[in-house]
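Just so you know, these numbers use all the heavy atoms, side chains as well, and skip hydrogens, waters and symmetry mates. Reminder, nothing fancy here: chain letters follow the sequence lines and each chain counts from 1.
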Amino acid sequence: MDRLTIAMVSDFFLPNVGGVESHISMLAANLIKRGHKVIVITHWHPPSRVGVRWLSPGLKVYHIPLRSIASSATLPDFFCFLPYFRTIVLREGIQLVHGHASLSSMAHEAILHAHHLGVRTVFTDHSLFGFDDAASILTNKLLEGALRNVDRTICVSHTGRENTVLRARLLPETTYVIPNSLAPDQFRPRDEGHSVETVTIVVVSRLAYRKGIDLLIAVAPQICKRFPDVSFIIGGDGPKMIDLLQMREKYSLQDRIQLLGSIKPADVRDVLTRGQIFLNTSLTESFGIATLEAACAGLYVVSTRVGGVPEILPLGKTEDFVGIEEQEEGMIMFADPEEDDLVQAISRAIQHVVSGLHSPQKAHDRVKNFYTWHDITERTERVYEDVMSSRPYDFWTRVQRNMSMGPFFGPIFTVIFFVDCLFYAYLEWWLPREDVERSYGRWSFATFGEALACGEAAPCTENIDNPVSAPQEL
Amino acid sequence: MATRAREVEWERVLWKRQPFPDNYVPRTFLLSLSTNANFRPYTYGSLVLASCTISLHLSVIFVFLAIFVRLKERTLDPRLLVWISIVSFVLFYTLWEIVEHLGAEKSRLVDRAKTVKSSILIFLALLALSPVLRTLTSATSSDSIWALSACLFALNIVLADYTPAPVGRHSRERLTSVLSVNAAISASVVLASRLVDDVSVFALMLVSIEAFALFPLLRRRLQIVPVVFPTLTALASGLAVSLTAALSPSVACLYVAVFSFVTLAAPSLLVWAQQYKNEIRGTWDAAVPKVNGAARPR
């Protein structure tokens, strides 16, 4: 397909760590590898991350001076982002905006603004939301407002897709399911040859209610009682840490349950490979990248049956302990989010691992083939292709789509849309697009060489001399 | 390709590469969706009965206000009011004891002795404090006092705990109900400071403690008693209206309107609005962990 100039927009990006953050940087790097020009627009992290930065595989990051209000999300004010956004889009010659994360107001606003500039839009939703609490109702409405203006939506799992279609009232045909992926080389299993005598169960998770830490607190003492040679390693930190410590104290399991506190992303693999079984007790999860990473590192996985987790790994017929061949197929064991069921599942998993039927290397090799960045990037490209070949919504269609959001929110959002148009028209007058300095185009070894050669012949041949060069030509 | 793709069964998995486009809509799409799974239609009668507790609470406030106006206009002898509140305290305490007894919970003699002791203590403390309370807000204009007490009573009504607390089940006091009691007592304090003599202040504060601190406890106990509670509500609202009617017929009309809205109109509104209930449940909802033993708070 044609090379595109893509802007990834999200509130959530490096230097923060998390699923969305690493997804954006990996996807951007892989798109660059395939010849596209990719930039990232996010908010600043003063004092260190401000202005423009280049990250290692030639990824340009714009840090917009917008203050984050809570957990790194900016205030949804709809307009403050527009002047920066317009200048960046014009300067970089952006053709497509890809917003990420449904709680990122920057992504929503970018989608709203992009159409003024004739830029096409894609949105990736990474999370699951309910429908019945006040926070969900508000954020779902904001999401719906943004997705009335988006061309295509990507979800990370089939469950996530159903959720997004309902939340934003979209046509299912305009939503795509493209899973996350991981870098399998970063999650190599431990060398084989260790005989499995003592089983270690690993938990790597934020210690919060939504991660089901209450279940872990209930289950761990029972498992320790039932299997005298099983121990736990728990990585991560959060509000439930105190409860875990109390549990450990109460049952005097200090030598069996190790609490590591927060661990750096680079150390996750080393923590994972210290054990044989990975336990995920989440109560809701749209994809469960941590579970996948553990499976990739050769651990046998026990998880609660929630959200998109049942989709990510093949489930064997391990429930009844049938034939060996059939057991080998399974990489994950599910339990309902109940104490008794989870204890049962962990017990079976321990027996499975002790019996030596689970081969870490084999599991790693299988996961490596399930999810590759090459495949994911190709599928994302196909969505881009689809967007670029479709017709954009014209002005009145967009007004109608905004009005169709309901008798109350529809007019509000339409007013926001009109004000946005007026603000954009003002910016066109205040800062004419001819005055916006264009960027030099894409980085490659060839252009780097050229630039060097030019620099030797005649210094200062920046594109300032050539400001009208259209970005499409580059 | 297209025909071959249809032959293969689509699977709801991500790890397998399937011969379907990424925006393929399977037949099973949204199959796990369930709407109004826990739907329980309300009946008008039960809602009317449930609304009695709100009416009762409102009528207690209205009666209190009527008493205050009479005290301020000196048409009610404060000494008589003190006697009335002592008698009603004894009456309601007997009712409380009966409810406790019917609930088969033995209230021990020690508890009763404690009750007598603390009620005498409160009595004496109020008596000692009433000169202070009388001059508490003498530097503030009456308009501010009316506005303040109105706000505080509104807060009391909004935050009051209307859930039943049957005998034998010890439910924890919620923060909002504590706030509610505090708001009502503060409102009474600022109102009492408008009265002219110490006995009136004492009498009003005695009534306020009984009406806003002690009576809600009894109200929550009585709430599920079938015949007694609606009767009590009817009597209390009748008393509120009749006491007010002598002072201001227009306010009495307003009270009647409020009572009929709370007991008759609001339940029918709720029943009508229930047809729009659309609760969506599916696999994406956060699961509720089942842990043996007591449910853990979040």
Side-chain angles (χ1 to χ4, degrees), chain A residues 128-132 152 154 156-163 165-166 172-180 209-210 212 214-215 217-219 243 281-284 286-287 292 304-308 310-315 331 336-341 366-367 369-371 375 379 382-383 386, chain B residues 1-2 5-6 8-42 158-159 176 270 272-298:
Chain A
L128 296 177
F129 273 92
F131 297 90
D132 51 358
R152 294 290 183 270
I154 299 173
V156 291
S157 62
H158 297 292
T159 305
R161 183 190 189 192
E162 293 180 342
N163 188 233
V165 164
L166 284 175
E173 287 79 16
T174 61
T175 54
Y176 293 70
V177 177
I178 299 178
N180 267 334
Y209 171 79
R210 284 170 77 86
D214 293 325
L215 279 173
I217 291 167
V219 159
D243 294 352
T281 54
S282 269
L283 303 179
T284 175
S286 66
F287 185 74
L292 198 61
T304 43
R305 197 182 285 111
V306 293
E311 301 165 22
I312 60 172
L313 285 171
L315 170 70
M331 306 181 70
D336 291 326
E338 292 164 15
E339 183 181 334
D340 298 333
D341 207 28
R366 287 184 74 189
V367 174
N369 292 325
F370 290 161
Y371 301 96
D375 177 47
R379 285 160 75 174
R382 231 171 286 148
V383 179
D386 196 14
Chain B
M1 176 71 191
R6 294 299 172 274
V8 186
E9 190 77 25
W10 181 85
E11 278 180 80
R12 195 191 163 92
V13 289
L14 297 168
W15 52 272
K16 202 190 253 182
R17 243 155 269 175
Q18 304 191 53
F20 295 96
D22 286 328
N23 62 343
Y24 173 71
V25 183
R27 269 175 301 152
T28 54
F29 190 69
L30 283 181
L31 212 63
S32 65
L33 174 77
S34 64
T35 49
N36 294 344
N38 310 322
F39 183 72
R40 203 161 38 84
Y42 294 128
V158 170
L159 296 183
T176 49
L270 187 56
W272 169 79
Q274 219 188 5
Q275 62 179 306
Y276 297 109
K277 188 177 170 69
N278 184 19
E279 187 194 13
I280 305 173
R281 297 250 157 240
T283 44
W284 49 82
D285 280 312
V288 180
K290 269 196 206 138
V291 177
N292 298 348
R296 284 159 198 274
R298 277 174 94 145

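Considering only heavy-atom pairs separated by less than 4.5 Å from chain B, the leading option among Glu162(A), Arg379(A), Arg152(A) is Glu162(A). The residue among Val306(A), Thr174(A), Asp340(A) with the most heavy atom pairs within less than 4.5 Å of chain B is Asp340(A). In terms of non-hydrogen atom pairs under 4.5 Å with chain B, the most contact-rich of Pro172(A), Gly307(A), Ser157(A) is Pro172(A). With chain A as the partner, the residue from Ile280(B), Val288(B), Asp285(B), Val25(B) showing the most heavy-atom pairs under 4.5 Å is Val25(B). Heavy-atom pairs under 4.5 Å with chain B peak, among Leu215(A), Asp336(A), Asp375(A), at Asp375(A).
In this structure, the side chains of Pro289(B) and Leu283(A) come closer than 4.5 Å at one or more pairs of heavy atoms. Under the 4.5 Å side-chain criterion, counting only non-hydrogen atoms from C-beta, Trp15(B) is not in contact with Leu292(A). At least one side-chain heavy atom of Arg161(A) sits less than 4.5 Å from a side-chain heavy atom of Phe29(B). Looking only at side-chain heavy atoms (C-beta outward), Val177(A) and Leu14(B) come within less than 4.5 Å of each other.
Across every non-hydrogen atom of Leu166(A) and Leu33(B), the tightest pair is CD1-CD1, 3.6 Å. Val291(B) and Ala218(A) make their closest contact through CG1-CB, 3.6 Å (heavy atoms, listed as atom of the first residue, atom of the second, distance).
For Val156(A), the part lying under 4.5 angstrom from a heavy atom of chain B is the backbone only. Only the side chain of Phe287(A) comes within contact range of chain B, with heavy atoms under 4.5 Å apart.
Remark: Arg17(B) CZ is packed, more than 12 non-hydrogen atoms of other residues, nucleotides or ligands lying under 6.0 Å away.
Between the side chain of Asn23(B) and the main chain of Glu173(A), a donor-acceptor pair closer than 3.5 Å is present.
The CD1 atom of Ile178(A) sits 5.0 Å away from atom CG of Asp22(B), with the distance rounded to the nearest 0.5 Å. Note that the CG atom of Leu128(A) and the OG1 atom of Thr283(B) stand 8.0 Å from one another [nearest 0.5 Å]. We find the CG-NZ distance between Asn369(A) and Lys16(B) to be 14.5 Å, quoted to the nearest 0.5 Å.
His158(A) and Trp10(B) have perpendicular rings, their planes meeting at more than 60° on a 0 to 90° scale where under 30° would count as parallel.
Side-chain N/O atoms of Arg12(B) and Thr159(A) include a donor and acceptor closer than 3.5 Å.
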